[in-house]
Amino acid sequence: MLIRGMGLNFFDLMIRATVGRGGRFRWNPQAEAGRRCEYAASGREPHLLAGSRRGAPYRAKTGAPGFVPAGIRLVHLTDAAIEEAERRHGRLDFAAHLWPLIIRDVLATYYRTLVEVAGELFDDPAGFLEAFDALLRREDLGEQVLASRGQALLHSHAPDAIWLDVRSLGRPFDGVTFASAAQHREHMLAYLEDDAASSAAGAASPVKMAIGAMHAGRMRLKALISEGRVAEASRIEDVEGWFEPLIEGLASGPPMQRIEELAALMRAGVVDILGPDPLFDVDRDAGCFTAESPWVEADPATARWLVEAMMPANRVRLSASPLVSSLLATGLARAQEVVDVAGAPRAGKGFAVTEAPHRLVDASGAASPSIYVLGLQLSSVQWGTAIAAEAGGDPQAGARTLADADAAAGSVVQTALGAAVLEAPAG
């Protein structure tokens with residue numbers, strides 16, 4: 001069975017097709033992370049062949065406690081830095097004004113953690129951190145120049161330490177070719193085992209803490225977009241264009257258990273993973289689906305069945321939902337119009353709505369007195385709406401949906417109380 005997509009839908013399918021068909025996972029807590037799980041097959045499982053553009057599943061969540069791991073400090077993406085960028089430039093451009101701050105916080109977190117857990121790599125750990133912090137404060141350095149200077153500084157203090165290429169975290173096999181499917185399989189197993197081990201390390205993992213810093217930046221960005229402080233064209237071109245796929249694959253993954261289970265299924269021969277950028281097709285003569293990666297020298301994989309596990313893009317105008325389509329057809333709703341990077345207007349992803357509490361705006365531009373919009377269909381005025389409700393979180397970021405629901409409920413109650421007072425008999 002071919003599977004297209006290796007996000008959270010894939011992991012749900014993986015369990016349904018294995019444990020759901022009588023297989024069992026056996027755990028050995030004494031084994032090293034990444035190899036603590038074994039799979040006993042029932043014999044009823046399909047052979048799963050999964051692929052995605054990045055060539056790897058979403059990374060596992062860290063074992064460090066907290067929605068954003070404790071100890072993460074954003075020292076560059078601060079309120080003061082954001083307000084200064086707004087003072088100088090007006091509405092914020094993500095690539096120009098916010099990403100440079102986020103990437104500095106990611107690098108600072110990674111190397112601060114690396115010094116804490118592997119200080120022996122550095123000739124002068126404190127001296128390196130002081131010099132590195134000074135380098136990161138250089139606002140005049142672009143991303144590539146910063147990386148070049150950072151690598152030189154790192155090499156002078158710790159020749160055996162590696163430079164963190166932040167963008168490559170999202171595509172770990174970019175540009176790597178494999179001479180056979182077996183060679184690719186060995187690399188994938190090593191990658192999964194390493195991912196599980198770094199999650200198990202929690203706050204002692206430089207990679208997972210760096211991802212935690214990027215996740216914290218995502219939450220701050222989510223609030224800025226909801227407040228209307230990020231330019232619409234930049235949100236479309238940069239945030240949704242390349243940052244969202246990057247951060248989703250890093251910080252929105254499954255619990256560590258699922259990565260351990262996937263590695264066990266690969267060792268048991270139940271699951272195999274295709275290389276990056278797989279091409280899915282249909283062989284009509286053979287009556288089967290095919291898939292192959294241009295980065296792996298191997299015959300195409302074939303299967304009678306293909307499962308679409310990629311989450312479809314949310315666009316109200318393309319929705320098959322009877323509720324959504326009827327709201328549009330009757331004129332009770334319309335899609336929010338947005339302006340892209342070329343300055344051209346086009347339909348946005350979600351409904352047109354008022355400011356919070358978000359009432360639906362109809363085809364004539366009038367706000368509904370009694371229809372409120374929550375969650376996914378606010379995607380034209382918010383970002384990251386799939387991250388709906390972090391318990392106890394910031395109502396302007398991870399718990400935004402709870403804040404929206406509270407505002408809508410408050411408006412409904414206020415309207416009902418007002419109506420009750422108007423209808424009450426005299427005296």
Side-chain angles (χ1 to χ4, degrees), residues 1-19 21 23 25 32-60 168-198 245 249-250 253-254 258-310:
M1 178 183 290
L2 288 171
I3 304 170
R4 191 169 77 146
M6 296 192 69
L8 300 185
N9 291 337
F10 161 73
F11 288 99
D12 290 343
L13 173 62
M14 179 185 84
I15 296 302
R16 289 289 299 274
T18 55
V19 174
R21 286 183 168 237
F25 289 109
E32 60 183 14
R35 302 189 66 88
R36 293 183 293 195
C37 185
E38 292 183 357
Y39 183 70
S42 68
R44 298 176 56 234
E45 302 89 347
H47 181 206
L48 303 179
L49 300 160
S52 69
R53 284 169 294 189
R54 62 173 56 87
Y58 280 17
R59 285 181 180 261
S168 73
L169 287 174
R171 292 184 64 96
F173 300 112
D174 231 13
V176 181
T177 59
F178 301 92
S180 66
Q183 185 189 63
H184 174 257
R185 188 173 180 277
E186 290 177 8
H187 277 75
M188 273 307 312
L189 263 175
Y191 171 82
L192 293 173
E193 291 169 0
D194 177 73
D195 189 47
S198 62
L250 297 178
R258 291 290 186 248
I259 297 297
E260 291 261 20
E261 290 168 345
L262 175 55
L265 289 167
M266 286 193 68
R267 289 191 291 265
V270 175
V271 175
D272 278 303
I273 296 176
L274 303 167
D277 302 313
L279 305 172
F280 290 86
D281 205 346
V282 176
D283 185 332
R284 298 189 184 279
D285 292 335
C288 65
F289 296 98
T290 66
E292 59 183 322
S293 166
W295 302 98
V296 181
E297 189 176 338
D299 293 333
T302 61
R304 283 191 61 201
W305 306 97
L306 183 147
V307 176
E308 178 63 87
M310 292 179 65

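Computed from heavy atoms alone, side chains included, the values below leave out hydrogens, waters and symmetry copies. Quick caveat: nothing in here was measured; it's all calculated off a predicted structure.
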With a 4.5 Å heavy-atom cut-off, do [X] and [Y] have their side chains touching?
{"X": "Glu261", "Y": "Ile15", "result": "yes"}
{"X": "Arg53", "Y": "Met310", "result": "yes"}
{"X": "Met188", "Y": "Pro57", "result": "yes"}
{"X": "Pro276", "Y": "Asp174", "result": "no"}
{"X": "Ile273", "Y": "Tyr191", "result": "no"}

[atom1]/[X] to [atom2]/[Y] distance, rounded to the nearest 0.5 angstrom?
{"X": "Leu262", "Y": "Leu192", "atom1": "CG", "atom2": "CG", "result": "5.0 Å"}
{"X": "Asp195", "Y": "Glu260", "atom1": "CG", "atom2": "CD", "result": "10.0 Å"}
{"X": "Ile259", "Y": "Arg59", "atom1": "CD1", "atom2": "CZ", "result": "9.5 Å"}
{"X": "Ile3", "Y": "Met14", "atom1": "CD1", "atom2": "CE", "result": "9.5 Å"}
{"X": "Tyr58", "Y": "Phe10", "atom1": "OH", "atom2": "CZ", "result": "12.5 Å"}
{"X": "Leu13", "Y": "Glu308", "atom1": "CG", "atom2": "CD", "result": "11.5 Å"}

Can you pull the side chain to side chain donor-acceptor pair (under 3.5 Å) pairs that have at least one residue in residues 268-295, sequence neighbours excluded? His47-Asp272, Arg171-Asp277, Arg185-Asp272, Asp277-Trp295
Between [X] and [Y], which heavy-atom pair has the shortest distance, and what is it?
{"X": "Gly275", "Y": "Val296", "result": "CA-CG2, 3.8 Å"}
{"X": "Ala196", "Y": "Ala33", "result": "O-CB, 4.2 Å"}
{"X": "Asn9", "Y": "Ala309", "result": "ND2-O, 3.1 Å"}
{"X": "Ala291", "Y": "Leu274", "result": "CB-CD1, 3.6 Å"}
{"X": "Ser42", "Y": "Gly23", "result": "CB-N, 3.8 Å"}
{"X": "Phe178", "Y": "Gln183", "result": "CA-OE1, 3.1 Å"}

Residues in side-chain hydrogen bond (donor to acceptor under 3.5 Å, both in side chains) with Glu38, at least two apart? none
Sequence neighbours excluded, the answer for side chain to side chain contact (heavy atoms under 4.5 Å, CB included) partners of Ala303 is Leu2
Would you say Arg267 has more than 12 foreign heavy atoms packed within less than 6.0 Å of its CZ? yes
Ring centres of Phe173 and His187 under 6.0 Å apart? no
Assign the ring pair Phe25 / Tyr39 to parallel, tilted or perpendicular, where the plane angle (0 to 90°) is split at 30° and 60°. tilted
Can a donor-acceptor pair be found, under 3.5 Å and without considering hydrogens, that links the side chain of Glu45 to the backbone of Gly43? yes
